Chemist: 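Take a look at this one; I'll ask things after.
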Amino acid sequence: MQINSDSMGTSKKTIWFRVAGSLLGLVLLLWLIALAIAPANRMKQLKNQLASDTVFNQHFDSSYFDPDLATLVKEKAFKEALLQLSEDDSIQMVLNLSDSTLSLSIKGVILHQTPIEIRSVDKLLERLPLNLEVKLFSAPLEVLAQYATIVKEPVVVRDAPKDTLEAAQTAWQPDTLVQSPAYVAFSLEHQIAVIMEQDNRTAHPDSRVRTHFYSHLWYGKLRSSLDHFIHLQQQDYCPEICIILPVDDLRAIYRALPGKPYMVIKL
């Protein structure tokens, strides 16, 4: 009996396709598992950092875990962070999730405050033990990176007029009514992210900008995740806080910040 060579070739290709598909499926499964356990690994890292801080642990009384004292301990940590923030001579941010406000302050004086809507708070942050929450948020958090759809300092470059006649002919006034939709992402210390959205997202152009904004953040996370996976490194996990506030307030707050801003957060 003769075996058709074409049939044998097709069978080999089918086997190789199945093997390649199985390997690809296995790799994808391992990647998804690594992503799924990333929050637990991040919590473990934070607890290990807490355990290694012997000075903090010596001053943290076990009686603070009492429900009647826990609220006071959190408020004390918040005040300590504000006190440290007041030592800086630049405008900084205060995000108070307990009373739903975002403020700008300088030297302990509130310059501007706006109400916010809390869209989401990462479950990891909500499940922090009291001592770990106090350790993380009892000091201002430095903004390590930021990405925004807002122009930080609107500047128009024009040639200087030669005389008053040319100055009158080239007179120009910026159109303050034309503004890009406002979305900002801050990456803070301890791998915490704060995302701020404008409150009116109904217009079609706003929807496109919002999609581009979140696509940029998503691709950044994807690249980082793949890089860690390829190099057999533990996946990073950045808990996020997402808030919504009036668009004019968001633009004003972002533009008022210095080159090296800090943020105090109260959960």
Side-chain angles (χ1 to χ4, degrees), residues 35-88 92-105 107-110 112-144 185-197 199 234-245 249 253 261-267:
L35 290 175
I37 64 176
N41 288 335
R42 181 59 185 149
M43 179 68 84
K44 183 178 180 181
Q45 289 174 353
L46 292 173
K47 289 182 176 179
N48 289 338
Q49 292 174 13
L50 175 65
S52 63
D53 192 339
T54 56
V55 175
F56 175 86
N57 291 322
Q58 287 176 356
H59 289 84
F60 193 89
D61 198 308
S62 59
S63 63
Y64 293 164
F65 289 101
D66 186 282
D68 295 330
L69 291 177
T71 302
L72 297 177
V73 172
K74 292 180 182 180
E75 186 67 25
K76 179 176 178 291
F78 179 56
K79 298 299 184 184
E80 289 176 348
L82 290 177
L83 184 61
Q84 292 184 45
L85 192 70
S86 67
E87 298 174 359
D88 196 293
Q92 308 295 354
M93 292 177 289
V94 179
L95 176 58
N96 192 334
L97 300 180
S98 64
D99 67 1
S100 299
T101 60
L102 177 65
S103 307
L104 285 179
S105 72
K107 289 292 186 179
V109 178
I110 300 297
H112 179 73
Q113 187 174 83
T114 181
I116 63 171
E117 176 187 343
I118 302 173
R119 184 180 177 196
S120 63
V121 178
D122 196 283
K123 295 296 182 183
L124 184 146
L125 297 176
E126 293 180 341
R127 296 171 181 170
L128 288 175
L130 177 62
N131 52 350
L132 186 51
E133 180 179 339
V134 169
K135 176 175 171 56
L136 293 179
F137 298 109
S138 60
L141 303 179
E142 182 181 355
V143 176
L144 304 177
F186 295 106
S187 298
L188 312 179
E189 288 182 80
H190 308 305
Q191 295 179 288
I192 297 172
V194 176
I195 298 174
M196 302 182 184
E197 296 185 10
D199 57 355
Q234 186 171 287
Q235 291 288 326
D236 279 338
Y237 184 77
C238 301
E240 292 181 353
I241 299 171
C242 184
I243 62 173
I244 300 173
L245 61 155
D249 288 325
I253 288 171
Y262 285 82
M263 180 185 296
V264 168
I265 298 178
K266 182 182 181 184
L267 298 179

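The shown structure was predicted, so the numbers you read here are calculated from the model rather than taken from an experiment.
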Chemist: Could you walk me through whether His112 and Leu102 pass the side-chain contact (heavy atoms from CB on, under 4.5 Å) check?
Modeler: CA-CA 8 Å; His112 179 73; Leu102 177 65; over 6 Å; no

Chemist: Does atom NZ of Lys79 have more than 12 heavy-atom neighbours, drawn from other residues, nucleotides or ligands, at distances under 6.0 Å?
Modeler: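 It does not: Lys79 NZ has 12 such atoms or fewer within range.
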
Chemist: Could you list the residues that satisfy side-chain contact (heavy atoms from CB on, under 4.5 Å) with Lys76, not counting sequence neighbours?
Modeler: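 Applying side-chain contact (heavy atoms from CB on, under 4.5 Å) to Lys76 gives Glu80.
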
Chemist: Under the rule for salt bridge (Lys or Arg N to Asp or Glu O under 4.0 Å), what residues qualify as partners of Asp53, not counting sequence neighbours?
Modeler: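 In terms of salt bridge (Lys or Arg N to Asp or Glu O under 4.0 Å), with neighbours along the sequence ignored, Asp53 is linked to Lys135.
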
Chemist: What verdict does the side-chain contact (heavy atoms from CB on, under 4.5 Å) test give for Asp199 and Glu117, after you've listed the backbone C-alpha separation in whole Å, the side-chain angles of each residue and the deciding distance to 0.1 Å?
Modeler: CA-CA 9 Å; Asp199 57 355; Glu117 176 187 343; over 6 Å; no

Chemist: To the closest 0.5 Å, what do you measure between CZ (Phe137) and CE (Met263)?
Modeler: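 With rounding to 0.5 Å, CZ (Phe137) is 11.0 Å from CE (Met263).
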
Chemist: Does Lys74 NZ have over 12 foreign heavy atoms under 6.0 Å away?
Modeler: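 Counting other residues, nucleotides and ligands, NZ of Lys74 stays at 12 neighbours or fewer.
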
Chemist: Using ring-ring contact (aromatic ring centres under 6.0 Å, His included) as the criterion, list what pairs up with Tyr237, not counting sequence neighbours.
Modeler: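 ring-ring contact (aromatic ring centres under 6.0 Å, His included) list for Tyr237, sorted by chain: empty.
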
Chemist: If every non-hydrogen atom of Pro239 is compared with every non-hydrogen atom of Leu125, which pair is closest and at what distance?
Modeler: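 Closest heavy-atom pair between Pro239 and Leu125: CB-CG, 3.8 Å.
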
Chemist: Please enumerate all residues that pass side-chain contact (heavy atoms from CB on, under 4.5 Å) together with Pro115, with sequence neighbours excluded.
Modeler: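 side-chain contact (heavy atoms from CB on, under 4.5 Å) check on Pro115 returns nothing, list empty.
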
Chemist: List the residues meeting side chain to side chain donor-acceptor pair (under 3.5 Å) with Ser98, not counting sequence neighbours, and say none if there are none.
Modeler: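 Ser98 satisfies side chain to side chain donor-acceptor pair (under 3.5 Å) with Asn96 once adjacent residues are dropped.
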
Chemist: Tell me, please, which residues at least two apart from Gln113 pass side chain to side chain donor-acceptor pair (under 3.5 Å).
Modeler: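 Residues passing side chain to side chain donor-acceptor pair (under 3.5 Å) with Gln113: Ser103.
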
Chemist: Could you work out, with side-chain contact (heavy atoms from CB on, under 4.5 Å) as the rule, every residue matching Ser105, not counting sequence neighbours?
Modeler: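 Applying side-chain contact (heavy atoms from CB on, under 4.5 Å) to Ser105 gives Leu85, Val94, Ile110.
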
Chemist: Determine yes or no for a side-chain-to-main-chain donor-acceptor pair under 3.5 angstrom, with Gln84 supplying the side chain and Ala139 the backbone.
Modeler: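 Here the side-chain-to-backbone pair does not exist.
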
Chemist: Can you measure from CD (Glu197) to CG (Leu245) and round to the nearest 0.5 angstrom?
Modeler: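 Those atoms lie 9.5 Å apart.
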
Chemist: So, for Phe186 and Met196, which heavy atoms are closest and what is the spacing to 0.1 Å?
Modeler: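 So the two residues come closest at CE1-CE, 3.7 Å.
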
Chemist: Side chains of Val194 and Met93, heavy atoms from C-beta outward: is any pair under 4.5 Å?
Modeler: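 A side-chain contact is absent here, since even the closest heavy-atom pair is not under 4.5 Å.
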
Chemist: Could you tell me if the side chain of Gln235 sits less than 4.5 Å from the side chain of Asn41, heavy atoms only?
Modeler: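 No - every pair of side-chain heavy atoms lies 4.5 Å or more apart.
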
Chemist: Would you say Asn131 and Phe65 make side-chain contact, with heavy atoms under 4.5 Å?
Modeler: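 Contact flag for Asn131/Phe65 side chains = yes.
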
Chemist: Is the closest side-chain heavy-atom distance between Ile265 and Leu136 below 4.5 Å?
Modeler: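 A side-chain contact is absent here, since even the closest heavy-atom pair is not under 4.5 Å.
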
Chemist: To the nearest 0.5 angstrom, please state how far the CG atom of Leu95 sits from the CG atom of Leu141.
Modeler: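 Going from CG on Leu95 over to CG on Leu141, the span is 10.0 Å.
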
Chemist: Apply side chain to side chain donor-acceptor pair (under 3.5 Å) to Glu189 and list each qualifying residue two or more places apart in sequence or on a separate chain.
Modeler: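 Glu189: no side chain to side chain donor-acceptor pair (under 3.5 Å) contacts found.
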
Chemist: Would you give the length of the straight line joining atom OG of Ser187 to atom CD1 of Ile195, rounded to the nearest 0.5 angstrom?
Modeler: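 It is 8.5 Å, given to the nearest 0.5 Å.
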
Chemist: Considering residues at least two apart in sequence or located in another chain, which fulfil the side chain to side chain donor-acceptor pair (under 3.5 Å) criterion with Gln45?
Modeler: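 With neighbours one apart ignored, the set is Arg42.
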
Chemist: How many angstroms lie between CG in Asp122 and CG in Leu128, if you round to the nearest 0.5 Å?
Modeler: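 Nearest 0.5 Å value for the CG-CG distance: 9.0 Å.
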
Chemist: Quick one: ring pair (Phe, Tyr, Trp, His ring centres under 6.0 Å) pairs with a partner in residues 36-57, sequence neighbours left out?
Modeler: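 Found Phe56-Phe60.
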
Chemist: Could you check whether any side-chain heavy atom of Leu97 comes within less than 4.5 Å of a side-chain heavy atom of Ile243, counting everything from C-beta outward?
Modeler: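 Counting from C-beta outward, Leu97 and Ile243 do come under 4.5 Å.
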
Chemist: Just jot down the salt bridge (Lys or Arg N to Asp or Glu O under 4.0 Å) partners of Glu87, sequence neighbours excluded, or say none.
Modeler: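 Partners of Glu87 by the salt bridge (Lys or Arg N to Asp or Glu O under 4.0 Å) criterion come out as none, since no residue qualifies.
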
Chemist: Once you round to the nearest 0.5 Å, how far does OG of Ser86 lie from CG of Leu82?
Modeler: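 Rounded to the nearest 0.5 Å, the OG-CG separation comes to 8.0 Å.
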
Chemist: Of all residues at least two apart in sequence or in a different chain, which pass the side-chain contact (heavy atoms from CB on, under 4.5 Å) check with Leu72?
Modeler: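 For Leu72 the side-chain contact (heavy atoms from CB on, under 4.5 Å) partners, ignoring immediate neighbours, are Leu69.
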
